[in-house]
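First comes the structure, then the notes that go with it.
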2 protein chains.
Amino acid sequence: MPGTPSTVDALVQLSFTVQLTLTRIAAENDLSVTQLRLLGILRDRTPSMAAIAEHLDLDRSSVSGLIDRAERRGLVERVRSETDARVILVRATPEGLAVAESVGTDVGTRLERMLASARPTDLAAIVRLADALPQFPV
Amino acid sequence: MPGTPSTVDALVQLSFTVQLTLTRIAAENDLSVTQLRLLGILRDRTPSMAAIAEHLDLDRSSVSGLIDRAERRGLVERVRSETDARVILVRATPEGLAVAESVGTDVGTRLERMLASARPTDLAAIVRLADALPQFPV
DNA sequence: TATTGTTATACTCTATAACTATA
DNA sequence: TATAGTTATAGAGTATAACAATA
């Protein structure tokens, strides 16, 4: 009984539990989940506005506002591309990086604690599933 | 290697994939994810405003607005409780129920399709995990 | 012409604080 | 006093449409 209702229900429930954890950690740091995701991206990249939009599956106009607010808070900065004058690159500030590190550690700690009682073989299944599934749904 | 980074990463990624699916299905039906969840709750219940707030982990004032908008669109209706004059119960209209059914089927279909290539034993693990984990995180 | 990013606008979602009505 | 719900307000997030600058 592979793709049964109970499987789908479990997946949705699991997803909301994770999202609620992320929402709370974000709120504790005065951030939204979207800002959290943004900082996660900027930990190891300096992407263009367009690349961020694609990554977050948002319209470019939404990203403009997102970066405006993050910039106003000193978390990121806009940098002109030197090879294409149309392009704006977004880079985390030192403070932004510090917040990203701290929040990332927090997420790890909280979710690991949540998983503490689970069977190791079930956790291995999660990793296999995430690898097998398309990151962007059809 | 139970609660390792890779496990946490997989869980977060899985969660965002599911959320993206839900967001898209909601958008196709001109709904938000929150309205989707609301309709899901009202499929088999007629809860009070306070009960909805608890279920969705929202402030009561947020639920007031949520129900305002759903009511304006003819999806739900407010009903006075007959046992406590302070309480307002929320009931899905026939149209709201129809939308809830349709969307519910859609979610099932899309997620099952997404899971089609997964191993049955991994899906069983998902169900066990969802059962074992606290629905409301610590 | 096509692409990148912004702005104007409008809406949903959310919380805090102050309020009314009922228990 | 305590609880249920609403309103006013403020801000974040999001999309669509129209725009300017650059390729």
Should S81(A) and I88(A) count as side-chain neighbours, where that means a heavy-atom distance under 4.5 Å? no
Rounded to whole angstroms, how far apart are CG on L56(A) and P on dA15(D)? 10 Å
Once side chain to side chain donor-acceptor pair (under 3.5 Å) is applied, what residue pairs with a partner in residues 87-100 of chain B remain, sequence neighbours excluded? E77(B)-R91(B)
Could you give the CD-to-C1' distance, from Q35(A) to dG11(D), as a whole number of Å? 12 Å
Between CG of L38(B) and P of dT12(C) the distance, given in whole Å, is 14 Å
side-chain hydrogen bond (donor to acceptor under 3.5 Å, both in side chains) with R86(B): which residues, sequence neighbours excluded? D84(B)
Within residues 39-46 of chain B, which residues have any heavy atom lying less than 4.0 Å from an atom of DNA chain C? none
Starting at atom CD1 of I52(A), determine the distance to atom C1' of dT4(C), rounded to an integer number of angstrom. 13 Å
Measure the distance from CG on L31(A) to C1' on dA12(D) and round it to the nearest whole Å. 12 Å
Co-members of V87(A) in a cluster of I, L, V, M, F, W and Y side chains, linked at under 4.5 Å: V79(A), L89(A)
Under 3.5 Å donor-acceptor, R80(B) side chain and A85(B) backbone: yes
Taking S62(A) for its side chain and L58(A) for its backbone only, find out whether a donor-acceptor pair lies under 3.5 Å. no
For dA4(D) and S48(B) - does any side-chain N or O of the residue sit under 4.0 Å from the phosphate oxygens OP1/OP2? no
Any idea which heavy atoms bring R78(B) and S64(B) closest together, and the distance? NH2-O, 3.4 Å
Check ion pair R73(B)-D30(B) (N to O, under 4.0 angstrom): no
So, with a heavy-atom separation below 4.0 Å from DNA chain D, the residues of residues 67-75 of chain B are none
Comparing nearest nucleotides in DNA chain D, the 5'-proximal residue of the pair V63(B), V33(A) is V63(B)
Please work out if T34(B) contacts a base, only the sugar-phosphate, or nothing of the nucleic acid, heavy-atom cut-off 4.0 Å. sugar-phosphate
When rounded to whole Å, the CG to P distance for the pair L36(A) and dA12(D) reads 16 Å
So if you build clusters from Ile, Leu, Val, Met, Phe, Trp, Tyr with side-chain heavy-atom gaps below 4.5 Å, do F16(A) and L31(B) land together? yes
Could you encode protein contacts along nucleotides 16-23 of chain C as a string, one character per nucleotide from 5' to 3', using B for base contact, S for sugar-phosphate-only contact and - for no contact, with a heavy-atom cut-off of under 4.0 Å? BB----BS
Would you mind reading off the distance between L66(B) atom CG and dA15(C) atom P, rounded to a whole angstrom? 11 Å
Answer yes or no: is there a side-chain heavy-atom contact under 4.5 Å between L38(B) and I67(B)? yes
Report the distance from atom CD of E54(B) to atom P of dA4(D), rounded to the nearest whole Å. 10 Å
Salt-bridge test for E54(A) and R60(A): reply yes if a basic N is under 4.0 Å from a carboxylate O, no otherwise. no
